Structures are given as structure tokens and as C-alpha cells.
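Notes for the one structure printed next.
Remember, predicted model here, so these are calculated numbers, not experimental data. Quick note: residue numbers are just sequence positions, from 1. Just the heavy atoms: all of them, side chains too, but no hydrogens, waters or symmetry mates, feed the values below.
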Amino acid sequence: MLQLVLLATLALCGRCSEPDLHGTQRVVGGTEASSHAWPSQISLQYYSGGEWHHTCGGSLIHRRWVLTAAHCVDRNLQFRVVAGDHNLYRSEGSEQTFSLSKIVIHPNWNSNNVAAGYDIALIRLASSATLNSYVQLAALPQSGSVLSNGYTCYITGWGLTRTNGQISSVLLQAYLPVVGQQICSSSSYWGSTVKTTMVCAGGDGVHSGCQGDSGGPLNCAVSGQYQVHGVTSFVSSLGCNVKYKPTVFTRVSAYISWINNVLAQN
């Protein structure tokens with residue numbers, strides 16, 4: 001049976017009966033992003049042992065709303081969101097920290113069946129973000145849009161730099177071209193595990209997402225603007241950067257109506 005690993009980090013044993021959640025670290029095969037080059041990127045953190053710990057990424061899509069993965073927030077923990085960050089362990093004066101007022105997980109999400117999809121959630125912040133050169137809103141794709149095989153995209157995050165590695169102190173980015181649905185759902189790649197509501201990227205055995213990158217964006221340039229086309233979801237249990245097992249993302253364009261409805265009703 002094909003094993004999947006969700007890409008959150010958790011120091012406690014939050015999901016021991018499911019795919020292993022290993023320690024902490026960052027984008028595999030990536031390089032440090034220019035400081036604040038991705039101003040819509042946030043760090044989702046949880047409180048444990050008297051300290052805050054990075055667990056997932058996310059994208060600020062409204063001054064009071066963050067887009068992330070369902071598996072990042074479907075456990076009973078105290079969370080906060082930090083925007084405008086680059087080095088997690090250094091105060092740079094650009095950070096904005098928010099408590100949460102509401103978490104809306106897609107109603108069809110099932111943590112026992114990750115391959116079914118719907119790994120998407122929205123977080124309502126307790127106060128509004130201040131937009132500036134360090135904190136900006138992410139652009140979302142047009143509803144239903146699907147990028148072609150090989151399309152240029154970048155993953156960003158503070159996740160593991162290698163399988164079973166450690167968390168990155170600084171935000172990393174890695175070139176992760178789209179792997180088309182026909183290829184990614186073939187038997188030599190992910191097979192039937194990958195649904196049309198997902199998007200695959202990478203799979204070269206060098207660059208990938210890893211634990212700690214969950215919920216963060218797959219940034220793809222469309223018409224001269226970077227859009228968040230994916231929400232980082234899972235990799236193979238064999239490792240983060242396994243060849244022919246691209247990082248799998250929730251395809252944001254499949255959920256634009258749901259996102260708009262949640263924002264309108266809250």
C-alpha cells in the first residue's frame with residue numbers, strides 16, 4: 001500500500017497512528033529566498049513546552065484570512081500566525097503576530113484518507129494585518145485553471161532541508177516545475193493517489209517540499225504575477241525528494257468558490 005507523509009512538523013506525537021510526522025526543517029534542495037521576497041508567506045506556529053514552534057506555512061489572502069492545509073490545523077493546539085518573517089529565530093522588526101479567531105476546515109476533509117483530497121483550510125485572524133513591503137496579500141488563480149506540464153513554479157517554506165533533517169531558520173525557495181495530471185497519475189508516478197483536485201510539482205529526486213512546508217504555497221507566475229496555485233500537502237513516506245514522487249499540493253483553483261463563500265459568510 002502506498003504510504004503518504006503529510007508535511008506538517010510537530011514536536012509532540014500528534015498523529016502517531018497515521019503517516020509519520022518527522023521533526024522539523026525545510027524545502028529540500030532549495031536556496032535561501034531574498035529577505036521578504038515572498039511577503040504573503042506566513043509561519044503557522046503552535047505553543048508547547050513554554051515555546052512557540054513552527055509547524056506549517058500558509059498564505060495571507062486577505063488582511064484577516066490565511067490559506068493553509070487542513071492537516072495543519074485539525075488538531076487541538078494553541079496556534080498563532082506570524083507574517084513578515086524571514087528568520088524564525090531572529091526578531092527583524094518586520095514581523096506581525098496574530099492569534100486566531102476561527103479555523104474553517106473544508107467539510108470533506110478526512111484525516112484518515114489523505115488521498116481523497118480536500119486538504120485545505122482557512123484561518124481567520126483575530127486582527128487585521130497591516131500591509132507594507134514585508135506583508136502583502138497573495139494572488140489566487142482563476143477558478144478552474146490548470147497549469148501545463150513543466151510550468152515554472154516555486155515552493156517556499158521553512159520545512160526540512162532533507163528527509164529527517166532539521167527546520168530551516170530562514171525561508172527557502174526551490175524551483176518546482178509542474179508535473180501534468182496525466183503524467184503524475186500514471187503508474188510510475190503517483191497513480192490513482194493523485195486526484196484532479198491536486199497538482200504535482202517536482203519529482204526530480206533533488207528538489208521537493210518536506211515536513212514543515214505543509215500549507216505553504218506553490219507560487220507560479222501567470223501574466224507577470226505570482227499566484228498561489230498549490231497548498232503543500234504530502235510526499236512519499238520513502239522520503240521527501242524521491243524521484244518520480246513529486247510533491248503533491250491541493251490545487252487552489254479547484255476551491256475558489258469555497259474560499260469565496262467562507263470569506264463572504266464570515
**No-hydrogen, no-angle side-chain donor-acceptor test under 3.5 Å, Asn219 and Trp38** = no
**Request:** Report the distance from atom CG of Leu67 to atom CD1 of Ile123, rounding to the nearest 0.5 Å.
**Result:** 9.0 Å
**Item:** For the student: nearest non-hydrogen atoms of His54 and Gly212, plus distance
**Value:** NE2-O, 2.9 Å
**Request:** Could you tell me whether the side chain of Cys200 reaches within less than 4.5 Å of the side chain of Tyr189, counting heavy atoms only?
**Result:** no
**Request:** Evaluate whether atom OH of Tyr134 has more than 12 neighbouring non-hydrogen atoms of other residues, nucleotides or ligands under 6.0 angstrom away.
**Result:** no
**Fill in**
Shortest non-hydrogen pair, Ser253 vs Ser145, comes out as OG-O, 2.6 Å
**Asked** Given Asn132 and Gln96, is the side chain to side chain contact (heavy atoms under 4.5 Å, CB included) satisfied, shown in steps?
**Response** CA-CA 11 Å; Asn132 53 36; Gln96 297 179 39; 3.6 Å; yes
**Crowding at OH, Tyr118 (>12 non-hydrogen neighbours, <6.0 Å)** = no
**Prompt:** How long is the span from the CG atom in Leu172 to the CD1 atom in Ile155, to the nearest 0.5 Å?
**Reply:** 10.0 Å
**Item:** Between His86 and Glu95, a side-chain donor and acceptor under 3.5 Å
**Value:** no
**Atom OH of Tyr244: over 12 foreign heavy atoms under 6.0 Å** = no
**Prompt:** Side chain of Ser185, backbone of Gln181: donor and acceptor closer than 3.5 Å?
**Reply:** yes
**Item:** Side-chain donor/acceptor of Thr232 to backbone N/O of Gly216, under 3.5 Å
**Value:** yes
**Message:** Nearest 0.5 Å, please: how far is CG in Leu218 from CD in Gln227?
**Reply:** 11.5 Å
**Asked** Is a side-chain N or O of Lys195 found less than 3.5 angstrom from the main chain of Thr193, in a donor-acceptor match?
**Response** yes
**Prompt:** Which pair of heavy atoms, one from Gln41 and one from Pro217, lies closest together, and at what distance?
**Reply:** OE1-CD, 3.2 Å
**Request:** For the pair Phe79 and Ser99, evaluate side chain to side chain contact (heavy atoms under 4.5 Å, CB included) and give the outcome as yes or no after the intermediate values.
**Result:** CA-CA 7 Å; Phe79 291 109; Ser99 55; over 6 Å; no
**Asked** Taking all non-hydrogen atoms of both residues, which atom of Ser214 and which atom of Cys56 are closest, and how far apart?
**Response** O-CB, 3.2 Å
**Message:** Please check this pair: side chain of Arg75 against backbone of His71, looking for a donor-acceptor N/O pair closer than 3.5 Å.
**Reply:** yes
**Asked** Quick one: does Leu60's side chain get under 4.5 Å of Leu131's, heavy atoms only?
**Response** yes
**Prompt:** Can you find a heavy atom in the side chain of Ser169 that is under 4.5 Å from one in the side chain of Asn87?
**Reply:** yes
**Prompt:** Considering the options Val178, Val222, Val228, Val199, which one meets the side chain to side chain contact (heavy atoms under 4.5 Å, CB included) requirement together with Cys153?
**Reply:** Val178
**Message:** Apply side chain to side chain contact (heavy atoms under 4.5 Å, CB included) to residues Asp85 and Leu88 and explain how you reach the verdict.
**Reply:** CA-CA 7 Å; Asp85 211 348; Leu88 292 176; 3.8 Å; yes
**Asked** Is a side-chain donor or acceptor of His229 paired with a backbone partner of Leu147 at a separation under 3.5 angstrom?
**Response** no
**Val146 reachable from Tyr255 in the ILVMFWY side-chain graph, under 4.5 Å edges** = no
**Asked** Looking only at side chains, do His207 and Asp204 share a donor and an acceptor under 3.5 Å apart?
**Response** yes
**Message:** Determine whether Tyr154 and Leu176 satisfy the following criterion, side chain to side chain contact (heavy atoms under 4.5 Å, CB included), listing intermediate values before the conclusion.
**Reply:** CA-CA 5 Å; Tyr154 291 88; Leu176 228 59; over 6 Å; no
**Complete:** Nearest heavy-atom contact between Ser127 and Phe98 is OG-CD2, 3.4 Å
**Request:** List the atom of Arg80, the atom of Thr97, and the distance in Å for their closest heavy-atom pair.
**Result:** CD-CG2, 3.7 Å
**Request:** For the pair Ser168 (side chain) and Gly157 (backbone), establish whether a donor and an acceptor sit closer than 3.5 Å, ignoring hydrogens and angles.
**Result:** no
**Cluster link Trp52 to Val82, ILVMFWY, side chain under 4.5 Å** = no
**Item:** Donor-acceptor contact present, side-chain Ser101 to main-chain Arg124, <3.5 Å
**Value:** yes
**Asked** Within a strict 4.5 Å, meaning less than it, do heavy atoms of the Val248 and Val235 side chains meet?
**Response** no
**Message:** Within this structure, what is the CG-CD1 distance for the pair Leu122 and Ile105, rounded to the nearest 0.5 Å?
**Reply:** 10.5 Å
**Prompt:** Would you say Val66 and Ile61 make side-chain contact, with heavy atoms under 4.5 Å?
**Reply:** no
**Complete:** Between the OH atom in Tyr46 and the SG atom in Cys72, the distance rounded to the nearest 0.5 Å is 12.0 Å
**Asked** Can Ser40 and Gln136 be counted as having a side-chain donor-acceptor contact under 3.5 angstrom?
**Response** no
**Prompt:** For the side chain of Thr247 and the backbone of Gly209, is there at least one donor-acceptor N/O pair under 3.5 Å apart?
**Reply:** yes
**Message:** So Thr250 and Thr197, do their side chains get closer than 4.5 Å, heavy atoms only?
**Reply:** no
**Message:** Would the distance check show the side chain of Gln173 and the main-chain N or O of Thr31 forming a donor-acceptor pair, the cut-off being under 3.5 Å?
**Reply:** no
**Prompt:** Heavy-atom distance under 4.5 Å between the side chains of Ile120 and Thr68, does that happen here?
**Reply:** no
**Prompt:** Around Gln142, counting heavy atoms of other residues, nucleotides and ligands shown, do more than 12 lie under 6.0 Å from its CD?
**Reply:** no
**Request:** Compare all side-chain heavy atoms of Tyr175 with those of Val206 and state whether any distance is below 4.5 angstrom.
**Result:** no
**Message:** Does either side chain, that of Ser43 or that of Gln45, offer a donor lying less than 3.5 Å from an acceptor on the other one?
**Reply:** yes
**Asked** Would you say the side-chain atoms of Asp119 pair up with the backbone N or O of Ala70, donor to acceptor, closer than 3.5 Å?
**Response** yes
**Request:** Can you measure from OG (Ser188) to NZ (Lys245) and round to the nearest 0.5 angstrom?
**Result:** 7.5 Å
**Request:** Can you label the angle between the Trp258 ring and the His106 ring as parallel, tilted or perpendicular, going by 30° and 60°?
**Result:** tilted
